[in-house]
2 protein chains.
Amino acid sequence: MNYSVSEENYIKSIYHLQQQTATVTTNSLANELKTKPASVTDMLKKLQTKQLVEYEKYRGFKLNANGNKIAINIVRRHRLWEFFLVNKLGFEWDKVHEIAEELEHVSSIELIKRLDIFLNFPQTDPHGDPIPDTNGKIAFIKQLSLAEITVKKNVLVSSVSNQSPEMLEMLKHYHIGIGTSLKVTRHFTFDGSVEIKVSQYPSCIISEQVAKNIFVHHD
Amino acid sequence: MNYSVSEENYIKSIYHLQQQTATVTTNSLANELKTKPASVTDMLKKLQTKQLVEYEKYRGFKLNANGNKIAINIVRRHRLWEFFLVNKLGFEWDKVHEIAEELEHVSSIELIKRLDIFLNFPQTDPHGDPIPDTNGKIAFIKQLSLAEITVKKNVLVSSVSNQSPEMLEMLKHYHIGIGTSLKVTRHFTFDGSVEIKVSQYPSCIISEQVAKNIFVHHD
DNA sequence: ATTAAAATTTAGACAAATCTAAAAAAATAT
DNA sequence: ATATTTTTTTAGATTTGTCTAAATTTTAAT
Ligand SMILES: [Mn+2]
Ligand SMILES: [Mn+2]
Ligand SMILES: [Mn+2]
Ligand SMILES: [Mn+2]
């Protein structure tokens, strides 16, 4: 079956909210989609008749197996396009989300198949998020934020959860990108700030707020 | 200003029909867009209030300067995507039109700018049609069909007007593609068929119907 | 010049997606 | 346990794009 742009956006947003809370509320989805609660209720009735969600009045809702499969496929398209935009067209990573938000709705299956080949089967998007494979399998990478990591172990930056231009600017300043190798040298308990050492650059200190948004894994 | 997918499809279709006839009729546009005449009238009123067409009740319509500029920009996007699909993703040229029909509506200006750079500023799409530049200028290539061309001059295939899978199959059989060098060796007046010689291959005869769809220019 | 046919427009309806305002249900506070 | 606040749903309206059927205008034919 084929879904409208609007339906796809709802499905994907439910999926993302479910990563945090098993069951999603009307208000949170309205907020995520920048729409009104009444509109969410309307759409949910439709998604229910289309057998994509489990929904009980006043009780919240979640994607069923079918809805989940479709959501993951949209995520796959989104992230492949983001990879294309950054690695082929040379966009900065803070500029690609909006564009991928449109591209993800182009419906050709063959297109995505060929794009994947063309990009050489990338595993993660420019923000470090995993790209689901054709079967919907998502590689899980155990990752911790810089605020949680133990001291003096070399780690690789695997993803950054805040993808704003402001964050990008700051990360550039610190010479941090996806894949960058670094080491936490100290945690300051007073304000939660963290001292890090990025390759040959002198040590520097980042705030707890920043540290919480940078995720790393051991190499 | 920003236009809906539907508005853009109407604008582009009017543009294409205008290449044949200076002023476009309601029925021909309905036919082109696979919609109903009543829907065309409705949309034309909207395009008129948006200052994109000159329209007089019962008298047909045409794009004004503003509408024309927008149409050409959509054509530009369409053809750049077609080029991408064929030359980067490896699609056959008969499979790309539908997909480009969706991709052309992705609204980012920066996207098309970068795509153009990435593709190295292609001049023509996979069907040999010229790609308008950023300013809307379209390179005009004087071209004649194989049915009209004079005998025994070497010519280059510049475009093919019928882009169906059936035509592609036939062209492949004759080893003809965009850019192929060939020579017309005879015209048969009885049925309008044409004998051609494609590089090292033995001479062959193509029907008038095929000849009329293959356009060439002198090298 | 009438008449018949074809093309175009209008009138009115409908589906999708959205909204505001009011009603209903659930959660929270006293 | 009741009252208050918050969340969610319903009712009803709106916008966009489409359609069918009927009316109007234009074009073609006699
Ligand atoms: Mn989207
Ligand atoms: Mn991403
Ligand atoms: Mn289109
Ligand atoms: Mn083309």
Side-chain angles (χ1 to χ4, degrees), chain A residues 1-14 17-18 20-63 67 70-71 74 101-102 104-107, chain B residues 1-14 17-18 20-63 67 70-71 74 101-102 104-107:
Chain A
M1 202 178 275
N2 235 24
Y3 302 98
S4 73
V5 169
S6 201
E7 287 169 337
E8 289 194 343
N9 283 334
Y10 273 88
I11 293 166
K12 193 172 56 134
S13 287
I14 297 170
L17 290 172
Q18 272 186 259
Q20 314 278 153
T21 54
T23 157
V24 179
T25 66
T26 303
N27 268 2
S28 65
L29 184 51
N31 180 59
E32 176 89 1
L33 286 164
K34 272 143 201 187
T35 183
K36 297 287 136 76
S39 308
V40 170
T41 302
D42 287 344
M43 179 60 89
L44 253 107
K45 284 182 194 158
K46 213 208 305 183
L47 296 181
Q48 190 180 28
T49 62
K50 293 199 176 185
Q51 313 253 42
L52 299 168
V53 293
E54 281 169 41
Y55 169 48
E56 258 188 298
K57 260 193 186 182
Y58 295 104
R59 284 276 120 96
F61 40 84
K62 56 176 155 184
L63 296 173
I70 289 154
I74 303 166
E101 203 56 50
E102 291 186 55
E104 70 188 0
H105 303 291
V106 176
S107 59
Chain B
M1 203 177 274
N2 235 24
Y3 301 99
S4 73
V5 169
S6 200
E7 286 169 337
E8 288 194 345
N9 283 335
Y10 273 88
I11 293 166
K12 192 172 60 133
S13 286
I14 298 170
L17 290 171
Q18 272 186 221
Q20 315 277 152
T21 54
T23 157
V24 179
T25 66
T26 303
N27 269 0
S28 64
L29 184 52
N31 180 60
E32 176 89 0
L33 285 164
K34 272 143 200 188
T35 183
K36 297 285 135 74
S39 307
V40 170
T41 302
D42 287 344
M43 180 59 89
L44 253 107
K45 284 181 193 158
K46 214 209 304 186
L47 297 181
Q48 190 180 29
T49 62
K50 292 200 178 184
Q51 312 253 42
L52 298 168
V53 293
E54 282 169 40
Y55 170 47
E56 258 187 297
K57 259 193 187 180
Y58 295 102
R59 282 279 118 97
F61 41 85
K62 56 176 155 185
L63 295 173
I70 288 154
I74 303 167
E101 203 58 49
E102 291 185 54
E104 70 189 357
H105 304 291
V106 176
S107 60

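For clarity, every value in this text was computed on a predicted model and none was experimentally measured. Here is the naming used below: chain letters follow the sequence lines, and residue numbers restart at 1 for every chain.
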Is there a side-chain contact between A:Lys36 and the phosphate of C:dT18, meaning an N or O under 4.0 Å from OP1 or OP2?
no
Do any pairs count as a side chain to side chain donor-acceptor pair (under 3.5 Å) and have a residue in residues 24-34 of chain B, sequence neighbours left out, and if so which ones?
B:Thr25-B:Ser28
If the condition is salt bridge (charged side-chain N to carboxylate O under 4.0 Å, His left out), which residues does B:Glu7 pass it with, not counting sequence neighbours?
B:Lys46, B:Lys50
Between P on D:dC19 and NZ on B:Lys34, what's the gap in Å once rounded to a whole number?
13 Å
By salt bridge (charged side-chain N to carboxylate O under 4.0 Å, His left out), A:Glu8 pairs with (sequence neighbours left out) A:Arg77
So, is B:Tyr10 near the phosphate of D:dT16, with a side-chain N or O under 4.0 Å from OP1 or OP2?
no
Restricting to salt bridge (charged side-chain N to carboxylate O under 4.0 Å, His left out), what partner residues turn up for A:Glu104, sequence neighbours left out?
A:Lys12
Partners meeting salt bridge (charged side-chain N to carboxylate O under 4.0 Å, His left out) with A:Glu54 (sequence neighbours left out):
none
Going by heavy atoms in the side chains, are B:Tyr3 and B:Met1 under 4.5 Å from each other?
yes
Just to confirm, is there a sub-4.0 Å distance from OP1 or OP2 of C:dT18 to any side-chain nitrogen or oxygen of A:Ser6?
yes
Can you measure A:Leu44 atom CG to C:dA16 atom P for me and round it to whole angstrom units?
16 Å
Restricting to nitrogen or oxygen on both sides, can you table the protein-nucleotides 7-10 of chain C pairs closer than 3.5 Å?
unit_1, atom_1, unit_2, atom_2, d
C:dT8, OP2, B:Asn27, N, 2.8
C:dT9, OP1, B:Tyr55, OH, 2.4
C:dT9, OP1, B:Tyr58, N, 3.0
C:dT9, OP2, B:Thr26, OG1, 2.9
C:dT9, OP2, B:Thr41, OG1, 2.8
C:dT9, O4', B:Tyr58, OH, 3.4
C:dT10, OP1, B:Lys57, NZ, 2.4
C:dT10, OP2, B:Lys45, NZ, 2.9

